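The next block holds one structure in the form of structure tokens; read it before the comments.
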Amino acid sequence: MEIRLSDIIAPQFYEIHCDIMEGRHTHYKLYGGRGSTKSSFASTEIIFGMMQDPNANAACFRKVGNTLAESVFEQLLWAIEQLGVSHLWKVTRSPLRLTYKPTGQRIIFRGCDDPNKSKSIKIRNGYFKFIWFEERAEFDSDDDERKILQSLMRGGDKYVVFYTWNPPKSLNSWVNQDVLKVRDDTVCSHSTYLTVPKGWLGEKFFKEANELKKENRIKYRNEYLGEATGTGGKVFDNVIIREITDAEIAVFDKIKQGLDFGFAADPLAFERTHYNKKQRKLYIFAEVYQVNLKTQKAVEEIKKLNPDNKIITADSEEPRSIASFNELGLKVYAAKKGPGSVDFGMAYLSDDIDEIIIDPVRCPNAAREFSSYELERDKNGNFKGSYPDKDNHSIDAVRYALEDEMIRKKAKIRNKAKRGLR
């Protein structure tokens with residue numbers, strides 16, 4: 001019986017399959033919840049792809065080597081069986097290896113306990129066209145991946161690199177932050193079990209998912225929907241990361257800009273925003289964010305994003321910097337701040353604005369800071385009462401940009417309180 005790829009690839013991956021066949025991208029970052037079949041898809045693409053290209057070999061990695069046999073190795077055996085080509089593959093379990101009999105192409109398996117060992121990986125014929133990092137969230141950072149790719153991506157003209165993982169809870173996890181980055185050669189795809197044919201997973205799977213949904217919705221969202229639900233201390237639940245088009249920007253007329261000066265190793269952060277107060281939407285669509293940026297250069301970079309020379313509200317603790325920026329042609333005013341201004345400003349951004357829309361290409365640092373900013377816990381596990389003063393340079397710049405709106409709100413609150421006392 002002829003096996004069709006659509007029989008073993010979930011519909012949510014059809015488009016990515018076509019993308020791979022047409023060679024449009026190199027990196028495929030597939031993340032999601034349990035039962036989303038992302039690993040099944042990666043294994044199927046590797047087996048199918050190798051059988052189409054006699055020069056293609058594959059290398060598969062996990063953080064710890066002794067986890068390979070019962071995970072990625074078995075997953076590839078599943079793909080071979082599902083494709084009906086078991087008679088064409090030789091299975092070696094010590095060391096782990098799969099060999100395509102007609103051509104001798106190989107799939108090798110390695111742990112990343114020492115990523116430097118990947119330098120010694122060699123293949124007799126062809127090259128490592130397919131590379132797979134399974135359970136990516138186990139890695140401490142992308143350093144191991146980079147070292148491995150530097151060693152393996154040689155001798156070929158087309159590569160397909162798969163990364164598969166279930167997102168950790170913490171919004172600050174490096175893998176959760178990584179998918180916010182935009183690269184021309186990369187596809188990021190989030191998937192869930194909800195788009196998988198029910199017969200593939202079985203009634204029991206769906207029953208367990210629904211039970212957890214009833215008992216603990218947060219755990220359900222993380223485990224089954226693959227959402228980074230956070231530690232419970234997420235400050236901005238109103239952040240939307242998406243492209244802001246040139247057409248949208250062309251009609252922005254409520255421009256508000258903020259500037260947070262760099263201190264020592266801290267970056268200078270300039271953010272240009274549009275605030276639609278009626279719709280309660282804030283758009284962050286341009287930024288300058290850099291460490292060790294000299295005054296002259298900073299002004300030049302800001303002018304590129306501020307051609308109409310709109311007012312900029314900046315940190316008042318740097319009067320000399322404000323004066324220097326003004327002398328060079330900008331209109332920079334000191335933020336008024338005052339007691340409680342930080343708490344009030346953070347509350348305004350999180351509660352008074354329904355949507356903070358951030359373009360991840362134009363403003364990658366604002367996207368990173370706003371999406372990952374969380375309250376810290378004390379030694380007893382309770383949330384601290386103050387906002388952490390770190391990784392918040394873009395946030396401070398935006399807070400300064402909207403200071404006039406916050407001052408107006410404070411005045412309304414005071415006036416209302418006075419009327420109530422009469």
Side-chain angles (χ1 to χ4, degrees), residues 235-236 239 244 249 252-275 277 282-338 340-350 353 356-373 387-408 410:
V235 175
F236 300 107
V239 171
I244 300 175
I249 294 173
F252 286 167
D253 58 353
K254 300 294 187 296
I255 303 298
K256 295 181 179 294
Q257 303 178 131
L259 176 63
D260 186 45
F261 294 106
F263 299 97
D266 290 336
L268 173 144
F270 165 81
E271 301 293 337
R272 183 171 168 92
T273 77
H274 163 73
Y275 184 35
K277 190 174 182 180
L282 175 68
Y283 297 80
I284 304 176
F285 64 96
E287 74 174 13
V288 175
Y289 191 102
Q290 189 174 327
V291 176
N292 295 325
L293 191 59
K294 303 298 183 183
T295 298
Q296 180 70 45
K297 183 63 175 177
V299 170
E300 291 174 3
E301 294 301 313
I302 291 172
K303 283 183 176 180
K304 292 177 185 177
L305 303 177
N306 182 30
D308 42 9
N309 204 13
K310 294 284 187 179
I311 290 173
I312 302 170
T313 306
D315 187 352
S316 58
E317 293 185 18
E318 283 288 300
R320 293 177 60 183
S321 295
I322 290 174
S324 297
F325 276 55
N326 284 324
E327 288 173 2
L328 292 171
L330 294 177
K331 297 177 182 176
V332 184
Y333 293 84
K336 296 180 175 61
K337 292 190 175 184
S341 63
V342 173
D343 289 353
F344 190 91
M346 297 296 279
Y348 187 91
L349 291 174
S350 61
I353 299 175
I356 299 178
I357 302 163
I358 310 174
D359 188 309
V361 176
R362 303 176 194 266
C363 306
N365 297 289
R368 173 180 54 78
E369 288 187 5
F370 272 91
S371 64
S372 64
Y373 193 71
Y387 294 99
D389 188 19
K390 60 182 181 181
D391 298 325
N392 60 341
H393 311 290
S394 294
I395 295 171
D396 282 345
V398 172
R399 188 164 53 82
Y400 299 146
L402 269 67
E403 188 184 56
D404 58 341
E405 298 292 342
M406 299 171 192
I407 290 173
R408 278 193 282 271
K410 281 183 180 180

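In this chain, residues are counted from 1 in sequence order. Since the model is a prediction, treat every value here as computed from it, not as a measurement.
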**Study point:** Parallel, tilted or perpendicular: ring planes of Phe252 versus His274, cut at 30 and 60 degrees
**Key:**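 Ring orientation, 0 to 90° scale: parallel.
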
Practice item. List in chain and number order the residues that pass salt bridge (charged side-chain N to carboxylate O under 4.0 Å, His left out) with Glu301, two or more places apart in sequence or in another chain; answer none if no residue qualifies. Key: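 Glu301: salt bridge (charged side-chain N to carboxylate O under 4.0 Å, His left out) contacts with Lys297, Lys304.
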
When rounded to the nearest 0.5 angstrom, what is the spacing between [atom1] in [X] and [atom2] in [Y]?
X: Ile358; Y: Thr273; atom1: CD1; atom2: OG1; answer: 10.5 Å
X: Ile249; Y: Asp359; atom1: CD1; atom2: CG; answer: 7.0 Å
X: Ile322; Y: Tyr333; atom1: CD1; atom2: OH; answer: 11.5 Å
X: Asp253; Y: Asp308; atom1: CG; atom2: CG; answer: 11.5 Å
X: Glu287; Y: Arg362; atom1: CD; atom2: CZ; answer: 12.0 Å
X: Asn392; Y: Ser372; atom1: CG; atom2: OG; answer: 10.5 Å

Check your understanding: Would Phe325 and Glu318 count as a side chain to side chain contact (heavy atoms under 4.5 Å, CB included) if you check the C-alpha gap in whole Å, the side-chain angles of each, and the deciding distance to 0.1 Å?
Key -> CA-CA 11 Å; Phe325 276 55; Glu318 283 288 300; over 6 Å; no

Practice item. Identify the residue among Glu271, Arg368, His393 that makes a side-chain hydrogen bond (donor to acceptor under 3.5 Å, both in side chains) with Tyr289. Key: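 Single pass found, and it is Arg368.
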
Check your understanding: Considering all heavy atoms of both residues, which atom of Asn309 and which atom of Gly329 are nearest to each other, and what is their separation?
Key ->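 Taking Asn309 first and Gly329 second, the nearest heavy atoms are ND2-O, 3.1 Å.
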
Review point. Do other residues, nucleotides or ligands put more than 12 heavy atoms under 6.0 Å from the CZ atom of Phe344?
Key: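 Above 12, so yes.
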
Review point. Can you list every salt bridge (charged side-chain N to carboxylate O under 4.0 Å, His left out) pair that touches residues 399-408, not counting sequence neighbours?
Key: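 The answer is Lys256-Asp404, Lys256-Glu405, Lys277-Glu405, Asp396-Arg399, Asp404-Arg408, Glu405-Arg408.
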
Point to revise | Listed partners of Gln257 passing side chain to side chain donor-acceptor pair (under 3.5 Å), at least two apart | key: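 In terms of side chain to side chain donor-acceptor pair (under 3.5 Å), with neighbours along the sequence ignored, Gln257 is linked to Arg272, Asn306.
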
